[in-house]
Asks: 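Mind looking over this structure? Questions follow.
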Amino acid sequence: MYKALTDIPEHLDQYYKYRQQNFEMLAKSFKGKASRLSLLRLFYFLVMAFVLIYLWSSLQTAVALVLTVLICSGFFVLVRRYQKMLSLQQFNQAMAKVNADEYAALAHDYSMFDDGSVFMDEQHNYSSDLDIFGEKSLFQFINRAETWFGRNSLASFLKGSKDRQDIISRQEAVAELKYQLEFRQTYRAYALNSKDDQQKLRMLKDWFAEQNLITDSFYRFATPIAFVCSIVFFALQYHYFLALWTLVAFVPVVLILRKLLEPINLIHQKTGKAEEILSSYSKILAVCEHANLTADYNTALLSKLGKEVKASEAIKQLSYILAQLNVRYNVFVIFLNLLGAWDVYWVYRLEKWRASYKDDVFNWFELMGSFEALNSLSNLAFNKKDWVFPELLDQGNLGGKQLGHPLLTDASRICNDFDCPPKGHTKLLTGSNMAGKSTFLRTVGLNIVLANAGSVVCADRLRLPVLTVITSMRNSDNLHDSTSSFYAELKRIRKVINLVQKESNVFYLLDEILKGTNSKDRHKGSRALILQLIRDQGTGIVATHDLDLGIMDSEYPELIENICLEVDIKGNELFFDYKLRKGVCKSLNASILMQNMGIDL
């Protein structure tokens, strides 16, 4: 069980720093204990060697054997104790890093977290324009997942959900996990050491679909044959000591191993490299099994862990089997194979494990990933205690109070109120250069994405229905496809039109549309597009420098509203307040900016 906090500490940075230092001291302590145990183990081994030589030379065999077992048991106890100290040292070092990372994150340094670049997709409705993935992205800002399954699950959350009840359930799960600091940090500490590798896991998954190599009927003979061969060999040694011909006793087992060598090598190649990953996964799953959670979404996940056999124990068993199979990297494994068909035995155990759990194992991994994604969202809610959970409406207007850009620092963030009907309405956003139009579009878009993910949002209050976001903000040429930037934008707009026509509650964010053509065609096309999107019951924001579009506000007062971001011009200096106002922008600054860049006007 992991104890939950009742409140968020007031000085969170100091709290993380204190925890970091505390875990560093614990790690140092366990390191010292491990060092002392290492010396003690060496001393014990040397003494043990002399004692055993004396015992076997001076006492009867039966007495010497009993004492040998007792003395060796003591040595193995020391080894286990040493390994435990090392494990505790590694865990506390990982916990120290977890808290050091959070301390840095509060200072707006997220460079240590995976940025999700692998999930970047220019064809996605909004992920490229809204900086969902990549360096300094929303994903990197939120992500605390260390496994592939966790990162994939978080990416799925951020790519959008249309199920209102699922989002609400996820909010409840995140709200519960928000105060489960020990659970979340322990989870990540074990995940840090997972050495996660998607390729190794894919190879393991491919092997799960294969047929058994070692059948029950065959196995009944393989290891017993090896054992009998060993007895025969040692019996021959009693009469014919070190005679080479006595090796003929091993011919049957050699023939068996020769027949199975190549397929066993293939099995080992597909499975053996996953040993360390699975060892960490078993510890992560054990953390889940000890969680005391009551939110429906969380308990539904925990119910998949298994009751008769714990998922963590099953994965630990698989890791152990692979560790034994990996002994074949040791040159001395040839003796284990001759004496007991080592490779055959452990492949048999491996295939027996697969028969029992192959239908469950990757479901457990997906569950593990879901908790990592939820922990990431919960960590955000914990760190950003002034942010709020949005209210998900069955229907109604999008309404935000003091909506801010999530990726900006508190000091640089300017917040604005924003309201918009969910269907058949367009906000025409005008503003001079550098006034913050694109930033405001991303402010609205990112908060909708966070709301759909089940996360807290950067606002004092946000009420909205479940919205499908689509954007057209960054469009560039593509030499490979022989596509100009203008044609790329047209293709993107076509996608916006199709989505609005096909689905309800589509919210579009369009920035400087049709900028690749002349001003006359741009004005005509922009006007037509806005009216078409409204006619098809889409809603959203269109940012533009075309002030003449502002007249549409008076022509369609119920459907179009002008909003703007102004600049205060004093001489040749520009002052931006980034505050949203109603109406068309009245201040223009392009000429001043061009003059400041050395263009003579």
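Counting from 1, the numbers follow the sequence of the chain as shown.
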Asks: In Å and rounded to the nearest 0.5 Å, what is the OG1 to CG distance from T147 to L201?
Replies: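 Here the interatomic distance stands at 9.0 Å.
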
Asks: Are more than 12 heavy atoms from other residues, nucleotides or ligands located less than 6.0 Å from atom CZ of R41?
Replies: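 Enclosed.
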
Asks: Give me the one residue out of K384, R184, R144 that meets salt bridge (charged side-chain N to carboxylate O under 4.0 Å, His left out) with E102.
Replies: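 In the set K384, R184, R144, the residue that makes a salt bridge (charged side-chain N to carboxylate O under 4.0 Å, His left out) with E102 is R144.
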
Asks: Under the side chain to side chain donor-acceptor pair (under 3.5 Å) rule, what pairs show up with a residue in residues 357-367, not counting sequence neighbours?
Replies: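 Found none.
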
Asks: Closer than 3.5 angstrom, by distance alone: can the side chain of Y44 be matched with the main-chain N or O of I71 as a donor-acceptor pair?
Replies: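 Yes; judged by distance alone, with no hydrogens or angles, the pair exists.
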
Asks: Judged by atom type as modelled, is there a donor-acceptor pair below 3.5 Å linking the side chain of Q171 to the main-chain atoms of A451?
Replies: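 Between the backbone of A451 and the side chain of Q171 there is no qualifying donor-acceptor contact (under 3.5 Å).
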
Asks: Would you say H124's side chain and M120's backbone share a donor-acceptor pair under 3.5 angstrom?
Replies: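 Checking the backbone N and O of M120 against the side chain of H124, no donor-acceptor pair under 3.5 Å is found.
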
Asks: For Y54, I'd like to know if atom OH has over 12 heavy atoms of other residues, nucleotides or ligands within 6.0 Å.
Replies: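 No, because the 6.0 Å sphere around OH of Y54 holds 12 heavy atoms or fewer from other groups.
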
Asks: Ignoring hydrogens and angles, state whether a donor on the side chain of Q185 or R19 is under 3.5 Å from an acceptor on the partner side chain.
Replies: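 A donor-acceptor contact under 3.5 Å links the two side chains.
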
Asks: Can you tell me how far the CH2 atom of W353 sits from the CG atom of L318, to the nearest 0.5 Å?
Replies: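 So the CH2 of W353 and the CG of L318 are separated by 4.5 Å.
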
Asks: Sequence neighbours left out, what passes side chain to side chain contact (heavy atoms under 4.5 Å, CB included) with N452? Give chain and number order.
Replies: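 Per chain and number, N452 pairs via side chain to side chain contact (heavy atoms under 4.5 Å, CB included) with I167, I448, V466.
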
Asks: Kindly write out the residues that satisfy side chain to side chain contact (heavy atoms under 4.5 Å, CB included) with A34, not counting sequence neighbours, or none if the list is empty.
Replies: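 If we apply the side chain to side chain contact (heavy atoms under 4.5 Å, CB included) test to A34, skipping adjacent residues, the hits are Y82, M85, L86.
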
Asks: Check for a donor-acceptor pair, side chain of K385 on one end and backbone N or O of E10 on the other, with a separation under 3.5 Å.
Replies: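 Checking the backbone N and O of E10 against the side chain of K385, a donor-acceptor pair under 3.5 Å is found.
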
Asks: Working note: Y345 + Y348, criterion ring pair (Phe, Tyr, Trp, His ring centres under 6.0 Å); need CA distance, chi angles, decisive distance, verdict.
Replies: CA-CA 5 Å; Y345 174 74; Y348 169 76; 7.1 Å; no

Asks: Counting only heavy atoms not in K17 (residues, nucleotides, ligands), do more than 12 fall under 6.0 Å from its NZ?
Replies: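 More than 12 heavy atoms, drawn from other residues, nucleotides or ligands, come within 6.0 Å of this atom.
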
Asks: Can any side-chain N or O of R354 pair as donor or acceptor with the backbone N or O of W207 at less than 3.5 Å?
Replies: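 Answer holds: yes.
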
Asks: Check this for me: F43, atom CZ, are more than 12 non-hydrogen atoms of other residues, nucleotides or ligands nearer than 6.0 Å?
Replies: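 Open.
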
Asks: Could you measure the distance from the CD atom of Q20 to the CE atom of M95? Nearest 0.5 Å is fine.
Replies: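 So the gap between those two atoms works out to 12.0 Å.
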
Asks: Verify the distance criterion only: is there a donor paired with an acceptor across the side chains of D115 and S117 at less than 3.5 Å?
Replies: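 Yes, S117 and D115 have a side-chain donor paired with an acceptor closer than 3.5 Å.
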
Asks: Any side-chain heavy-atom pair from N92 and N22 closer than 4.5 angstrom?
Replies: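 Side chain of N92 against side chain of N22, heavy atoms only: no contact under 4.5 Å found.
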
Asks: Quick check on side-chain hydrogen bond (donor to acceptor under 3.5 Å, both in side chains): which of E275, K273, E276 does N326 satisfy it with?
Replies: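 Among the candidates, only E275 passes.
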
Asks: Any heavy-atom pair between the side chains of T186 and V98 that's under 4.5 Å?
Replies: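 Not touching, per the 4.5 Å side-chain cut-off.
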
Asks: Would you find more than 12 non-hydrogen atoms of other residues, nucleotides or ligands less than 6.0 Å from D121 atom CG?
Replies: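 Correct, the count exceeds 12.
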
Asks: Is it the case that the side chain of E351 and the backbone of L213 share a donor-acceptor pair, with hydrogens and angles ignored and the cut-off at 3.5 Å?
Replies: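 Looks like yes, one N/O pair under 3.5 Å.
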
Asks: W148: which residues meet the ring-ring contact (aromatic ring centres under 6.0 Å, His included) condition with it, sequence neighbours left out?
Replies: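 Per chain and number, W148 pairs via ring-ring contact (aromatic ring centres under 6.0 Å, His included) with F119.
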
Asks: So among E176, Q180, R170, which one has a side-chain hydrogen bond (donor to acceptor under 3.5 Å, both in side chains) with N298?
Replies: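 Checked E176, Q180, R170 against N298; only one passes side-chain hydrogen bond (donor to acceptor under 3.5 Å, both in side chains): E176.
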
Asks: Parallel, tilted or perpendicular, judged at 30° and 60°: which one describes the rings of F141 and H108?
Replies: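 Because their plane-to-plane angle lies in the 30° to 60° range, the rings of F141 and H108 count as tilted.
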
Asks: Please check: side-chain N/O of T299 versus main-chain N/O of A295, any donor-acceptor pairing under 3.5 Å?
Replies: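 It does hold such a pair.
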
Asks: Could you walk me through whether F362 and F208 pass side chain to side chain contact (heavy atoms under 4.5 Å, CB included), step by step?
Replies: CA-CA 10 Å; F362 274 85; F208 280 164; 3.5 Å; yes

Asks: Between D109 (side chain only) and S111 (backbone N and O only), is there a donor and an acceptor less than 3.5 Å apart?
Replies: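 Yes, the answer is positive, given that a donor and an acceptor are paired below the 3.5 Å cut-off.
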
Asks: Is there side-chain contact between L204 and I277, with at least one heavy-atom pair below 4.5 Å?
Replies: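 SC-SC contact between L204 and I277 ruled out.
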
Asks: I'd like to check S455 versus V174 (side-chain heavy atoms, cut-off strictly below 4.5 Å). Are they in contact?
Replies: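 No - every pair of side-chain heavy atoms lies 4.5 Å or more apart.
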
Asks: Report yes if the side chains of L450 and L138 come closer than 4.5 Å at any heavy-atom pair, otherwise no.
Replies: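 Yes, close enough: below the 4.5 Å cut-off.
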
Asks: Classify the ring geometry of F371 against F183: parallel below 30°, tilted from 30° to 60°, perpendicular beyond 60°.
Replies: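 Geometry flag for F183 against F371: perpendicular rings.
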
Asks: Assess the pair Y15 and Y18: is the distance between their ring centroids shorter than 6.0 Å?
Replies: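 Y15 vs Y18: aromatic centres not under 6.0 Å.
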
Asks: Would you mind writing out the side-chain donor-acceptor pairs for residues 149-160 within the sub-3.5 Å range, not counting sequence neighbours?
Replies:
| from | atom 1 | to | atom 2 | distance (Å) |
| --- | --- | --- | --- | --- |
| R151 | NH1 | E146 | O | 3.0 |

Asks: May I ask you to test the F113-I142 pair for a side-chain heavy-atom distance under 4.5 Å?
Replies: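 With C-beta onward as the side chain, the pair stays apart.
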
Asks: Any donor-acceptor pair under 3.5 Å linking the side chain of S280 with the backbone of N193?
Replies: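 Here the side-chain-to-backbone pair exists.
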
Asks: Would you kindly say whether E313 and Q317 are connected by a side-chain donor-acceptor distance under 3.5 Å?
Replies: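 No - no donor-acceptor pair under 3.5 Å links their side chains.
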
Asks: Which residues pass the side-chain hydrogen bond (donor to acceptor under 3.5 Å, both in side chains) test with D7, not counting sequence neighbours?
Replies: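 For D7 there are no side-chain hydrogen bond (donor to acceptor under 3.5 Å, both in side chains) partners, ignoring immediate neighbours.
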
Asks: Answer yes or no: is there an ion pair linking R202 with D206, defined by an N-O contact shorter than 4.0 Å?
Replies: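 A salt bridge is absent here (no side-chain N lies under 4.0 Å from a carboxylate O).
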
Asks: Determine yes or no for a side-chain-to-main-chain donor-acceptor pair under 3.5 angstrom, with Y187 supplying the side chain and M368 the backbone.
Replies: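 Here the side-chain-to-backbone pair exists.
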
Asks: Side-chain donor-acceptor pair under 3.5 Å between R188 and N375, yes or no?
Replies: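 No, no side-chain donor-acceptor pair sits under 3.5 Å.
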
